[in-house]
Each structure stands twice: as structure tokens, then as C-alpha cells.
Amino acid sequence: MGAFINLSTSASVILLVVHGGFCVDIIGGNEVAPHSRPFMALINGSNGKAICGGALIKEDWVLTAAHCNVKGGRVILGAHSQEKREKEKQFFQIAKYIRHPYYCSNHKENDIMLLQLKGRARLNKAVQLIPLPTSVDDPKPGTTCTVAGWGQTHNYLRKFSDTLREVNITVISRQICNDKQHYRNNPVITDNMICAGAKKGGKDSCFGDSGGPLRCNNVMRGITAFGKANKCGTVDGPGVYTRLTKQYLQWIRKTIRGA
């Protein structure tokens, strides 16, 4: 899954290009039925272009990846098409963005961020909350999960999908993901991460999909984080997701309560 969209907060942290390059959009997936993933948030950067995805977890809070450069951006809920006018769309400025205090761009650790919206979403068929998990299960290797986004559908064509796409991927063991055929421990795929792709490649997230939810058995288990630059959907470059651990869930709840 190559993952992300606009990555870090500074030019030195453009994950998809630097540090071995990391990417993320939907490779090998399909367009979903319009508004059938009502928890999905589309995040635009300060230039008005899509940079990341996210998940609506409360009427005024979106969960996404810390490397997404959201300063001056906005959040769109209820979107299927990026470009078309849709009556279901709701637009929000970002009141506050809160990265995990120990986010490390070099090691890709703690790649998780909360966005507080200016205003509250109107919940309806096209805009719904996604529940945070009530358990902290670590998806076992072989588990089928899904990831969605508006990111690239090809490695070398920096063109995002106009419509929301989704793909099924399979959890890969951290041992395999860290071996010399994959990430070579650079960065180390830790217990705070989930590695997922396809045994023969061809299915992945990619550049622009960062921040979107990883769902396993219809439960949100992770956040699209990173992959290898120009290797979305390849056997040796599966996507990596921030796993929603007990510590992260505690941080999310504490941060929202204290805001």
C-alpha cells in the first residue's frame, strides 16, 4: 500500500520522496457506491487540492495521519467525487490540528493526528461517524482488511482518483515486513504498525490515501501511514498503517476531552 498524500510538515519530511520515499493511493481496487463510506473525510491542503483522507470519529473531530500537511486546509465530508458539486458535501475549516506529541517522521512512529473542525457535522445517510474499536486486537497475518481513498491509482502518474475507491488487502506479519525482501528494518515495522498488501502485489493504498481508516472485519484498526515511493502495489513495498493501540485510543479520548 503505498500511502500518503502530502506528507510532512516541512520540505525535509516529504515522506514519499525522501527517506527511501513512501507513498499511498488505491491500487487494484474499485470505485465504491457513492456515499457508501459515510465516515470518510477528504482533506484538502492550503492550495485547495486533496492531500489526505481521514475518518470522522465525532461530529467535530476527524482522525488522520500526523504527516499530512493540513495547515490552511479544510475538511470535506459526504464527498464521493472530488470535483463535482454534490449536495451531500459539507465543508469545514480546521479549528485545530493536534499531532501525537511523539510523532517521529524519520522512524514513522506515532503517525496519528486529530483535527478539530470549526462547526459540527450534520449526520445523515452520507455523513456518519466511524466507531473507535472497543478492543485493541492486533489483526493476525492473513486477515483481510479494506482501505479507501482518493489517492493515486498508478505509481508514476501523480493523478489522484476523482472518486472514492477501496481495495481489499491482507495483513502481513511484521517479521516478513521487516525482512530484506521488504523494508529491511528501515524503518522498523513495530507493534504500533500494521503491514498489509497482497502476496503477489497489485493491491495497495498509495500517495494521497494517507490518513484514511484501515478496517478489518468492519472494525477500524489502523490509519493509512506510508509505503515505498513509486512501489505502491509491489510485492516488496506493502503499505504500512498506524495501529490503533490502547495507548493511541487513550490519547485520542484524552485529547478530545481536553480540547
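- The distance from atom NZ of K159 to atom OG1 of T153, rounded to the nearest 0.5 Å, is 9.0 Å.
- Under a hydrophobic clustering in which Ile, Leu, Val, Met, Phe, Trp and Tyr are joined whenever their side-chain heavy atoms come within less than 4.5 Å, directly or via other members, L123 and V75 fall into the same cluster.
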(request) Take D111 and V240 through the test side-chain contact (heavy atoms from CB on, under 4.5 Å) and record every step on the way to the result. (result) CA-CA 11 Å; D111 194 358; V240 182; over 6 Å; no

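- At a threshold of 4.5 Å between non-hydrogen side-chain atoms, the residues L164 and E166 do not count as touching.
- Contact check for I112 versus I252: side-chain heavy atoms found under the 4.5 Å cut-off.
- V219 and I57 end up in different hydrophobic clusters when Ile, Leu, Val, Met, Phe, Trp and Tyr side chains are linked at under 4.5 Å.
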(request) Go through the steps to decide whether Q116 and I98 satisfy the test side-chain contact (heavy atoms from CB on, under 4.5 Å), and finish with yes or no. (result) CA-CA 8 Å; Q116 186 175 27; I98 306 171; 5.9 Å; no

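- Distance OG/S46 to CD1/I94: 10.5 Å, rounded to 0.5 Å.
- Side-chain contact check for R253 versus R257: some heavy-atom pair is nearer than 4.5 Å.
- The backbone N or O of A66 lies less than 3.5 Å from a partner atom in the side chain of R99, making a donor-acceptor pair.
- Annotation: the span from I256 atom CD1 to K58 atom NZ amounts to 6.0 Å, rounded to 0.5 Å.
- Residues A196 and I169 share a closest heavy-atom pair of CB-CD1, 3.7 Å.
- Q128 contributes a side-chain N or O that, together with a main-chain N or O of N124, makes up a donor-acceptor pair within less than 3.5 Å.
- A donor-acceptor pair is defined here as one N or O able to donate and one able to accept, closer than 3.5 Å; such a pair exists between the side chain of N178 and the backbone of I189.
- Closest of all the heavy-atom pairs between A121 and F92 is CA-CZ, 3.6 Å.
- Here the side chains of L56 and Q90 are not in contact, with every heavy-atom distance at 4.5 Å or above.
- Q247 is linked by a side-chain contact (heavy atoms from CB on, under 4.5 Å) to T245, counting only residues two or more places apart in sequence or in another chain.
- Within the cation-pi definition used here (under 6.0 Å to the ring centroid, within 45° of the axis), K228 qualifies as a partner of Y183.
- Side chains of F39 and L63 form no contact here, defined as non-hydrogen atoms less than 4.5 Å apart.
- Using a 4.5 Å heavy-atom cutoff, the side chains of Y248 and N192 are in contact.
- Note that OG of S105 and CG of N110 are 11.5 Å apart. Values are rounded to the nearest 0.5 Å.
- The distance from atom CZ of R174 to atom NE2 of H182, rounded to the nearest 0.5 Å, is 14.5 Å.
- Salt-bridge annotation for D137 and R221: present, with a side-chain N of the basic residue lying under 4.0 Å from a carboxylate O of the acidic one.
- No continuous path of hydrophobic side-chain contacts links V235 to I172 [ILVMFWY only; heavy atoms under 4.5 Å].
- The two residues A41 and V62 make their nearest non-hydrogen contact at CB-CG1, 4.0 Å.
- Residues Y97 and C68 are not in side-chain contact: their nearest non-hydrogen atoms beyond the backbone lie 4.5 Å or more apart.
- The backbone N or O of P141 sits nowhere less than 3.5 Å from a side-chain atom of S173 that would complete a donor-acceptor pair.
- When hydrophobic clusters are built by joining Ile, Leu, Val, Met, Phe, Trp and Tyr residues whose side-chain heavy atoms come closer than 4.5 Å, directly or via intermediates, I176 is not grouped with V171.
- Nearest heavy-atom pair, K108 versus P187, reported as atom, atom and distance to 0.1 Å: CG-CG, 3.8 Å.
- Atom OG1 of T144 sits about 8.0 Å away from atom CG of N217, to the nearest 0.5 Å.
- H80 pairs with exactly one of E31, E86, R37, H35 by the side-chain hydrogen bond (donor to acceptor under 3.5 Å, both in side chains) rule, that one being E31.
- With hydrogens and angles ignored, the 3.5 Å screen pairs a side-chain donor or acceptor of R243 with a backbone N or O of D191.
- Side-chain contact between W150 and M40: present, with at least one pair of heavy atoms (C-beta onward) separated by less than 4.5 Å.
- A distance-only check finds a donor-acceptor pair linking the side chain of K89 to the backbone of Q82 [under 3.5 Å].
- By the side-chain contact (heavy atoms from CB on, under 4.5 Å) test, K180 pairs with R184, sequence neighbours left out.
- The minimum heavy-atom distance linking A50 with L42 is given by the pair CB-CD1, 3.8 Å.
- Although no hydrogens or angles enter the test, the distance criterion places no donor-acceptor pair under 3.5 Å between the side chain of N44 and the main chain of N47.
- Checked against side-chain hydrogen bond (donor to acceptor under 3.5 Å, both in side chains), H100 has no partners two or more places apart in sequence or in another chain.
- Summarising the geometry of G53 relative to T64, their closest heavy-atom pair is O-OG1, 2.8 Å, with the distance given to 0.1 Å.
- Residues M113 and Y102 fall into different hydrophobic clusters, defined by Ile, Leu, Val, Met, Phe, Trp and Tyr side chains chained together at heavy-atom separations under 4.5 Å.
- Counting non-hydrogen atoms of neighbouring residues, nucleotides and ligands closer than 6.0 angstrom, the CD atom of E59 exceeds 12 such neighbours.
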